[in-house]
Amino acid sequence: MPPRARSAGKAVKPSSFHASKAAACVLLAAFVALNCRSPNYLDGSADQRQDAFVGDWHLSIGLNIGLLQLAGSVAWYLLARDSPVHRPWSAGEAAAAVATASGYGIRAWCFATLGRLFTYEVGIRSGHELVSSGPYSLLLHPSYLGTGLLCAGYIWFVGGPRSMLRRPAFSAALAAVGLAVLVLRVANEERVLQAHFGERWAAHAATRWRFIPFLI
């Protein structure tokens with residue numbers, strides 16, 4: 001019997017531990033953690049808070065839960081026997097790593113451009129002004145583009161071929177929930193900005209795409 005036929009029914013053993021993938025996982029997880037940095041909280045006495053669902057304690061708890069989940073994903077990736085770290089790099093994993101790093105790069109650019117105006121809560125800060133420099137010269141909401149790339153890239157990178165994260169039904173449900181939250185969040189932000197800046201916001205928004213240049 002040919003060797004291939006004899007081994008056809010045997011399970012394929014994972015290859016050796018790939019240090020480059022382990023290092024990439026730690027680096028990408030650091031990008032995700034930095035994305036959850038401590039935000040500029042709105043000042044209740046000077047700023048106008050317009051988001052009842054993202055208060056100080058909601059936000060801190062949510063960020064801490066996210067960091068615990070992130071730590072768990074790294075531990076699984078590095079220690080689990082069926083982790084992708086035991087398989088050679090694939091084109092999809094390389095693309096996911098690039099997407100994660102690019103997403104964080106966009107978010108960091110947004111952090112630096114907005115400064116104190118970048119908050120996780122929806123509201124108007126004292127002395128609030130429309131920003132039209134950096135990524136905001138092209139897009140209304142570049143930080144959401146960065147977040148989408150960051151999260152989708154990291155989830156794909158750490159999820160193995162048999163992972164729930166890569167099952168079409170689960171991925172579609174996760175994307176649907178994320179999209180619904182995004183639509184509600186953006187609608188609220190734009191309503192608040194329109195109410196505060198009026199025609200200035202309308203003129204500002206008319207010359208920019210929302211999320212992706214030349215597309216939407």
Exercise. On the 0 to 90° scale, with breaks at 30° and 60°, tag the F214-W209 ring pair as parallel, tilted or perpendicular.
Key: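 If you compare the ring of F214 with that of W209, the planes turn out tilted.
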Does any pair with a residue in [range] pass salt bridge (Lys or Arg N to Asp or Glu O under 4.0 Å), and if so which ones, sequence neighbours excluded?
| range | answer |
| --- | --- |
| residues 69-78 | none |
| residues 141-156 | none |
| residues 136-150 | none |
| residues 136-159 | none |

All side chain to side chain contact (heavy atoms under 4.5 Å, CB included) counterparts of [X], not counting sequence neighbours:
| X | result |
| --- | --- |
| S20 | W89 |
| A95 | none |
| I216 | F211, I212 |
| A205 | L140, W201 |

Exercise answer: donor-acceptor pairs, residues 192-199 side-chain atoms, under 3.5 Å, sequence neighbours excluded:
from	atom 1	to	atom 2	distance (Å)
Q194	NE2	G198	O	3.3

Practice problem: Determine the sole option in V74, L70, I155 for which the side-chain contact (heavy atoms from CB on, under 4.5 Å) test with V32 is passed. | Solution: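 Considering V74, L70, I155, a side-chain contact (heavy atoms from CB on, under 4.5 Å) with V32 is found only for L70.
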What about [X] and [Y], same hydrophobic cluster or not, with Ile/Leu/Val/Met/Phe/Trp/Tyr joined at side-chain heavy-atom distances under 4.5 Å?
| X | Y | answer |
| --- | --- | --- |
| I106 | L150 | no |
| L215 | V186 | yes |
| L28 | V26 | yes |
| L68 | Y77 | no |

Quiz item: Looking only at atom types and distance, does a side-chain atom of R125 sit under 3.5 Å from a main-chain N or O of R116, one as donor and one as acceptor?
Solution: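 Side chain of R125 to backbone of R116: a pair is present.
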Quiz item: Would you find a donor on one side and an acceptor on the other, under 3.5 Å apart, between the side chain of K21 and the backbone of H86?
Solution: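 Absent.
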Could you list the donor-acceptor pairs under 3.5 angstrom formed by side chains in residues 131-138, with sequence neighbours left out?
from	atom 1	to	atom 2	distance (Å)
S137	OG	G134	O	2.7

Self-check item: Over all atoms of both residues, closest heavy-atom pair of A96 and F157
Solution: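 Looking at all heavy atoms of both residues, the shortest contact is CB-N, 3.9 Å.
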Quiz item: Do you know which two heavy atoms are closest between C25 and V158, and how far apart they sit?
Solution: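 The pair with the smallest heavy-atom distance is SG-CG1, 4.3 Å.
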Quiz item: With sequence neighbours excluded, what pairs up with Q69 under the side-chain hydrogen bond (donor to acceptor under 3.5 Å, both in side chains) test?
Solution: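 Partners of Q69 by the side-chain hydrogen bond (donor to acceptor under 3.5 Å, both in side chains) criterion come out as none, since no residue qualifies.
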Exercise. Using the test side-chain hydrogen bond (donor to acceptor under 3.5 Å, both in side chains), find all partners of S73 that sit at least two apart in sequence or belong to another chain.
Key: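 Only Y154 meet the side-chain hydrogen bond (donor to acceptor under 3.5 Å, both in side chains) criterion with S73.
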Exercise. Kindly determine whether D82 and W76 satisfy side chain to side chain contact (heavy atoms under 4.5 Å, CB included), including the steps that lead there.
Key: CA-CA 9 Å; D82 58 345; W76 176 85; 4.0 Å; yes
Self-check item: CZ/R208: more than 12 non-hydrogen atoms of other groups inside 6.0 Å
Solution: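 Correct, the count exceeds 12.
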Quiz item: Is E93 salt-bridged to R87, going by a charged N under 4.0 Å from an acidic O?
Solution: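 Salt bridge absent between E93 and R87.
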Quiz prompt | Trace of the side chain to side chain contact (heavy atoms under 4.5 Å, CB included) decision for S143 with F118 | solution = CA-CA 10 Å; S143 65; F118 194 106; 3.8 Å; yes
Quiz prompt | Modelled atom types, side-chain donor and acceptor of N188 and R185, under 3.5 Å | solution =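 R185 and N188 do not have a side-chain donor-acceptor pair below 3.5 Å.
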